[in-house]
Every structure is written in C-alpha cells, then in structure tokens.
Colleague: 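Sharing a structure below in structure tokens format, with a few things to ask.
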Amino acid sequence: MSIGGEKGSVSTKTPADFLKSIRGRPVVVKLNSGVDYRGILACLDGYMNIAMEQTEEYVNGQLKNKYGDAFIRGNNVLYISTSKRTEGSS
C-alpha cells in the first residue's frame, strides 16, 4: 500500500464520489451562519441542496431543536462532514 511514488497505487476519489458514499449515513452540515445540523443524509443535488432525516439543530454547540425531516438550501452550506453519533446519547 503505497501512498506516493507508484502510479495507480492511490485511488482518486472526487467530491461527488464522497457525497454518493455518505448517503444514508450520519452527517454534520455546517452553515455559513455557524449553525450545525446533524442527522442522516437522505439526498442532495448538484446545487448542494440537502435533505436530512432525524435532524438536530445545534447553535454554539448546544442542541436547540429537533426536526423529523429538514431541507437545507445549498448556498447556505459551508461544509458537509461525516459524523459519528455520540456513544453516550440515546
């Protein structure tokens, strides 16, 4: 398993590949405003419009609201990250 040097030894993964691979998994979506949404990524489109399920809204790290389904307009998204659910939460 070589990281550099040999051609073809490292598989390249595009952002689109990453986004396809995380559908149905827990994610954190950070908005330009600093608000985080955590939940299951249901789907997204080419404009980064995001549909989420079991969504929780965090402001300054504190849980503010829970939503069943949420839709986030893509121009508000700063980043999407995979998330591990905290093991202590029920």
Side-chain angles (χ1 to χ4, degrees):
M1 183 175 192
S2 174
I3 305 239
E6 296 177 42
K7 271 191 175 178
S9 62
V10 178
S11 65
T12 57
K13 196 170 188 182
T14 66
D17 294 334
F18 168 73
L19 293 171
K20 286 177 192 173
S21 74
I22 62 171
R23 278 185 61 193
R25 294 180 50 198
V27 294
V28 175
V29 177
K30 183 149 189 111
L31 303 187
N32 296 327
S33 65
V35 176
D36 289 352
Y37 288 91
R38 301 177 191 179
I40 308 299
L41 180 65
C43 62
L44 69 152
D45 66 11
Y47 296 102
M48 293 290 287
N49 295 317
I50 299 168
M52 296 175 68
E53 300 170 343
Q54 302 171 25
T55 310
E56 299 173 337
E57 178 182 47
Y58 288 83
V59 178
N60 297 323
Q62 290 190 309
L63 178 63
K64 290 294 180 185
N65 215 333
K66 291 186 178 186
Y67 306 101
D69 295 334
F71 180 80
I72 300 171
R73 188 170 174 195
N75 67 335
N76 295 312
V77 175
L78 184 61
Y79 68 77
I80 302 173
S81 172
T82 56
S83 163
K84 292 180 182 163
R85 292 280 188 185
T86 52
E87 295 174 20
S89 69
S90 333

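If you're wondering where the values come from, they're calculated on a predicted model, not measured in any experiment.
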Colleague: Return the minimal non-hydrogen interatomic distance between Ile50 and Met48, and the atom names on each side.
Modeller: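 Nearest heavy atoms, Ile50 then Met48: CG1-O, 3.2 Å.
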Colleague: Once you round to the nearest 0.5 Å, how far does CG of Leu41 lie from CE of Met52?
Modeller: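 Output value for this atom pair is 7.0 Å.
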Colleague: Check whether Val28 and Val77 end up in the same hydrophobic cluster, where Ile, Leu, Val, Met, Phe, Trp and Tyr are linked by side-chain heavy atoms less than 4.5 Å apart.
Modeller: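 They do not share one cluster, since no chain of ILVMFWY contacts under 4.5 Å joins Val28 to Val77.
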Colleague: Supply the members, apart from Tyr58, of the Ile/Leu/Val/Met/Phe/Trp/Tyr cluster built from side-chain contacts under 4.5 Å; use none for a lone residue.
Modeller: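 Listed partners: Leu63.
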Colleague: Once side-chain hydrogen bond (donor to acceptor under 3.5 Å, both in side chains) is applied, do any residues pair with Asn65, and if so which ones, sequence neighbours excluded?
Modeller: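 Counting only residues at least two positions away or on another chain, Asn65 forms a side-chain hydrogen bond (donor to acceptor under 3.5 Å, both in side chains) with Tyr67.
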Colleague: Nearest 0.5 Å, please: how far is CG in Asp36 from CG in Leu31?
Modeller: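 Those atoms lie 7.5 Å apart.
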Colleague: Report all side-chain donor-acceptor pairs from residues 17-24 shorter than 3.5 Å, counting only partners two or more places apart or in another chain.
Modeller:
residue, atom, partner, partner atom, Å
Asp17, OD2, Thr14, N, 3.2
Asp17, OD2, Thr14, OG1, 3.1
Ser21, OG, Phe18, O, 2.7
Arg23, NE, Ala42, O, 3.4

Colleague: For the hydrophobic clusters of this structure (ILVMFWY residues joined by side-chain heavy atoms under 4.5 Å, transitively), does one cluster hold both Val35 and Val29?
Modeller: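 Yes, because Val35 and Val29 connect within a single hydrophobic cluster, where side-chain heavy atoms sit under 4.5 Å apart.
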Colleague: Can you sort out the partners of Asp69 under side-chain contact (heavy atoms from CB on, under 4.5 Å), two or more places apart, ordered by chain and number?
Modeller: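 For Asp69, the residues satisfying side-chain contact (heavy atoms from CB on, under 4.5 Å) (neighbours in sequence not counted) are Glu53.
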Colleague: Run the side-chain hydrogen bond (donor to acceptor under 3.5 Å, both in side chains) test against Asp45 and tell me which residues pass, sequence neighbours left out.
Modeller: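 For Asp45, the residues satisfying side-chain hydrogen bond (donor to acceptor under 3.5 Å, both in side chains) (neighbours in sequence not counted) are Asn49.
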Colleague: What's the separation between atom NZ in Lys64 and atom CD in Glu57, rounded to the nearest 0.5 Å?
Modeller: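 These two atoms lie 9.0 Å from each other.
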Colleague: Determine whether a donor-acceptor pair (N or O, by modelled atom type, separation under 3.5 Å) exists between the side chain of Asn32 and the backbone of Asn75.
Modeller: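 Side chain of Asn32 to backbone of Asn75, a donor-acceptor pair under 3.5 Å: yes, one is there.
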